[in-house]
Amino acid sequence: MNFWSDNWVGSTSLKEACPHLFKLEKNKRCKAKDRFWRNGGSLGWAWDWHRNPSSAQEMEEWVKIFKLMNAASWKEGTDSWEWLGDKDREFSVSSVKKMLIKNKDVRNNYVMRWCKWVPAKCNIHVWRVEMNRIPTRGALERRNLSIPSIECALCEVGRESADHITTGCFVSTIVWDHISRWCKIAPIYGFSVRDMLEFHKIIKLGEIEKEVFHRIIIIGCWRIWKARNEKVFEGKEVKVEEIIGDIKVLGFLWFNKRSKYRSVDWLKWYKFDFM
Ligand SMILES: [Zn+2]
């Protein structure tokens, strides 16, 4: 064990904790045992400096080393590694796993149902939105990234966040209002992405309609974010009717090609009538 380079006492290596003393050390690769002598029960130092420490910084660091050594416990024998993640100090993959999940409280994590006939890009997007893991301007500002504005790129009024883009934004409000009328249900009100993903559970619709409505919400979230990105990165104007049209057309395409209900024609889809 290297006295200066290995992190064997304190929270860092002694080289980092005491850089001025390290400069004075003659043998920078010396072992820990080279710097101690033991006589019976007493322990002494065996320094080897280019010159004795004398400056205020050097003396300060020397005191620091003494304090660290006094706080440490000593035993005879050769050096060995110990795994601190387990009470037996034995390394094992299961103890790593236990350590990783030990302090993670996952009880409040939302379990998102993967929707088979909706493409992975939409499912993944909504999964990330629910966890607030999309690069909205609000999220970028929180990470101290320099951005020209934190205003929502779609409505240019609210602070841009995952919840705002999905539920609070003027653009998404119009989209959801249209979707609720198309699906013949009461207006959709949600305060968070999770509300939107749970909404299908409380509406009065048949089984197929409920399933379609839920998928439409997922496709809608993805399409609204796509419109936002097209405006930010390509300067494309946001057209709500285009967003709504895409949600319906893509929804029909994916429903017809990928779901088990393939007999539904466009007219039925257009009228939201699956009987
Ligand atoms: Zn907005």
Side-chain angles (χ1 to χ4, degrees), residues 108-115 118-203 205 210 212-254 272:
N108 291 325
N109 282 18
Y110 180 69
V111 179
M112 204 194 101
R113 248 183 81 206
W114 195 265
C115 301
V118 172
K121 62 183 175 187
C122 302
N123 275 305
I124 291 169
H125 171 72
V126 171
W127 175 56
R128 291 179 63 205
V129 173
E130 199 285 322
M131 294 188 297
N132 202 12
R133 298 276 170 85
I134 53 167
T136 58
R137 289 171 172 175
L140 296 176
E141 190 217 20
R142 229 177 31 247
R143 287 165 178 78
N144 294 324
L145 266 92
S146 171
I147 45 167
S149 162
I150 56 158
E151 272 179 3
C152 168
L154 290 172
C155 66
E156 296 174 355
V157 177
R159 179 191 161 90
E160 196 180 85
S161 67
D163 282 337
H164 170 83
I165 291 257
T166 317
T167 62
C169 185
F170 177 64
V171 173
S172 58
T173 307
I174 300 174
V175 172
W176 300 135
D177 180 59
H178 185 97
I179 296 295
S180 64
R181 281 187 281 119
W182 175 49
C183 298
K184 303 179 190 91
I185 58 165
I188 304 167
Y189 288 117
F191 297 100
S192 66
V193 182
R194 196 179 293 190
D195 287 348
M196 299 302 286
L197 294 174
E198 293 287 293
F199 204 81
H200 66 287
K201 292 181 181 170
I202 56 163
I203 52 172
L205 282 176
K210 260 190 193 188
V212 172
F213 173 78
H214 183 222
R215 272 62 167 174
I216 287 296
I217 294 285
I218 293 172
I219 297 167
C221 290
W222 167 79
R223 186 58 186 83
I224 292 167
W225 179 246
K226 185 169 177 278
R228 178 266 183 204
N229 285 343
E230 284 170 352
K231 184 177 178 189
V232 171
F233 301 113
E234 297 165 29
K236 195 176 164 188
E237 192 188 342
V238 177
K239 290 183 180 162
V240 183
E241 62 276 19
E242 204 175 284
I243 298 174
I244 296 166
D246 275 0
I247 294 170
K248 285 185 182 176
V249 172
L250 290 171
F252 175 70
L253 195 74
W254 293 331
F272 202 74

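Just so we're clear, the structure is a prediction, and the values are computed from it rather than from any experiment. Order of appearance sets the numbers: ligands from 1, and atoms from 1 within every ligand.
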Between I243 and A227 the two heavy atoms that sit nearest each other are CD1-CB, 3.7 Å
What's the shortest heavy-atom distance between S172 and G168, and which atoms?
OG-N, 4.2 Å
Residues which pass salt bridge (Lys or Arg N to Asp or Glu O under 4.0 Å) with D246, listed by chain and number, not counting sequence neighbours:
R223
Under the ring-ring contact (aromatic ring centres under 6.0 Å, His included) rule, collect the residues that match up with H164, sequence neighbours excluded.
none
Carboxylate-amine/guanidinium proximity below 4.0 Å for E141 and R137:
no
Here the salt bridge (charged side-chain N to carboxylate O under 4.0 Å, His left out) pairs for residues 173-193, sequence neighbours left out, are D177-R181
Could you pull out the N/O/S protein atoms under 2.8 Å of the Zn ion (ligand 1), ignoring any water?
C152 SG, C155 SG, H164 NE2, C169 SG
